[in-house]
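Here the structure is a predicted model, which is why all the values come from computation and not from measurement. Values reported hereafter were calculated over all heavy atoms of this structure, with side chains retained and with hydrogens, waters and symmetry mates removed. This chain uses plain numbering: 1 for the first residue, then up along the sequence.
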Amino acid sequence: MHDSGWLIFAFSSKLEMLDILGDGPYFVFGQPLILKVMLEFFDFTTTNMMHMSIWVRFSNLPLNCWSSICLSKIASMTGKPVHCDVPTTSITQLSYARILIEVDLLVDLPTSVNIVLPNGLPLTQ
């Protein structure tokens with residue numbers, strides 16, 4: 001723990017770190033624990049959080065939309081895609097795709113996004 005209050009976690013590999021990010025969300029005493037990849041020159045004195053990673057579910061996507069490229073394009077309409085959870089990448093839970101997306105907290109988040117499928121049909125998520 002840093003004197004400023006930040007908790008710092010070390011992982012043995014990038015894969016282990018991504019697994020931890022992919023298994024969330026996490027809560028401590030009923031409050032969400034916000035996990036972020038630390039920047040190379042992180043400023044521990046900063047209190048401004050202008051970006052935050054959130055889990056977003058995209059329900060009832062057609063199976064041909066479950067590629068990493070397609071999921072990334074869909075997630076990009078909300079923010080910067082960071083990581084898919086394990087059931088999404090392994091396509092073992094087909095009710096929804098869950099993607100960790102870094103969003104800008106200074107702009108309003110969309111309540112839905114409109115997608116045009118490869119066959120030209122529209123889909124709202």
Side-chain angles (χ1 to χ4, degrees):
M1 182 168 180
H2 191 271
D3 286 343
S4 63
W6 291 95
L7 294 174
I8 304 159
F9 299 93
F11 301 98
S12 60
S13 68
K14 185 170 183 163
L15 182 60
E16 182 183 28
M17 178 191 68
L18 291 174
D19 284 344
I20 296 297
L21 286 174
D23 285 342
Y26 300 100
F27 295 88
V28 176
F29 302 114
Q31 297 297 314
L33 177 64
I34 300 169
L35 299 176
K36 291 184 71 162
V37 177
M38 183 182 281
L39 300 173
E40 187 176 359
F41 296 100
F42 181 76
D43 178 7
F44 288 98
T45 63
T46 186
T47 57
N48 296 338
M49 286 190 58
M50 295 187 293
H51 295 90
M52 186 165 106
S53 295
I54 61 171
W55 285 104
V56 177
R57 289 183 183 186
F58 295 101
S59 300
N60 301 314
L61 284 175
L63 288 179
N64 59 353
C65 291
W66 283 66
S67 70
S68 59
I69 292 172
C70 189
L71 290 172
S72 180
K73 285 182 180 182
I74 295 169
S76 301
M77 299 174 79
T78 304
K80 178 183 172 189
V82 176
H83 180 68
C84 291
D85 68 357
V86 173
T88 299
T89 56
S90 61
I91 312 177
T92 56
Q93 196 289 93
L94 298 175
S95 298
Y96 58 84
R98 193 169 80 128
I99 306 169
L100 188 64
I101 303 173
E102 186 176 293
V103 296
D104 184 344
L105 297 175
L106 300 178
V107 299
D108 290 334
L109 290 176
T111 57
S112 65
V113 294
N114 295 316
I115 302 163
V116 177
L117 298 173
N119 63 1
L121 293 175
L123 178 67
T124 301
Q125 284 287 298

ILVMFWY cluster, L61 and V86 together (side-chain gap under 4.5 Å): no
For F11, which residues count as a ring pair (Phe, Tyr, Trp, His ring centres under 6.0 Å) partner, sequence neighbours excluded? none
T88: what forms a side chain to side chain donor-acceptor pair (under 3.5 Å) with it, not counting sequence neighbours? D85
Got a sec, which residues hit side-chain contact (heavy atoms from CB on, under 4.5 Å) with F29, two or more places apart in sequence or on another chain? none
Let me check something: any side-chain donor-acceptor pairs from residues 99-121 under 3.5 Å, sequence neighbours excluded? List them with distances.
| unit_1 | atom_1 | unit_2 | atom_2 | d |
| --- | --- | --- | --- | --- |
| D104 | OD1 | L106 | N | 2.8 |
| N114 | OD1 | T124 | OG1 | 3.0 |
| N119 | OD1 | L121 | N | 3.1 |

Are the side chain of Q93 and the backbone N or O of S95 linked by a donor-acceptor pair below 3.5 Å? yes
Decide whether M38 and W6 are clustered together by the hydrophobic rule: side chain heavy atoms of Ile, Leu, Val, Met, Phe, Trp, Tyr closer than 4.5 Å, transitively. yes
Those residues that, when tested against T92, pass side chain to side chain donor-acceptor pair (under 3.5 Å) (two or more places apart): S90
Decide yes or no on side-chain contact (heavy atoms from CB on, under 4.5 Å) for F44 and I8, but give the supporting numbers first. CA-CA 11 Å; F44 288 98; I8 304 159; 3.7 Å; yes
Sequence neighbours left out, what pairs pass side-chain hydrogen bond (donor to acceptor under 3.5 Å, both in side chains) with at least one residue falling in residues 55-76? R57-Y96
Working to the nearest 0.5 Å, report the span between CE of M17 and OG of S12. 11.0 Å
Gap between atom CG of L71 and atom CZ of R98 - 0.5 Å precision: 13.5 Å
Can you confirm whether I69 is buried at CD1, in the sense that more than 12 heavy atoms of other residues, nucleotides or ligands lie under 6.0 Å from that atom? no
If Ile, Leu, Val, Met, Phe, Trp and Tyr residues are connected whenever their side-chain heavy atoms lie under 4.5 Å apart, and connections chain through other members, are F27 and L7 in the same group? no
Heavy-atom pair of closest approach, residues I20 and Y26: O-OH, 2.7 Å
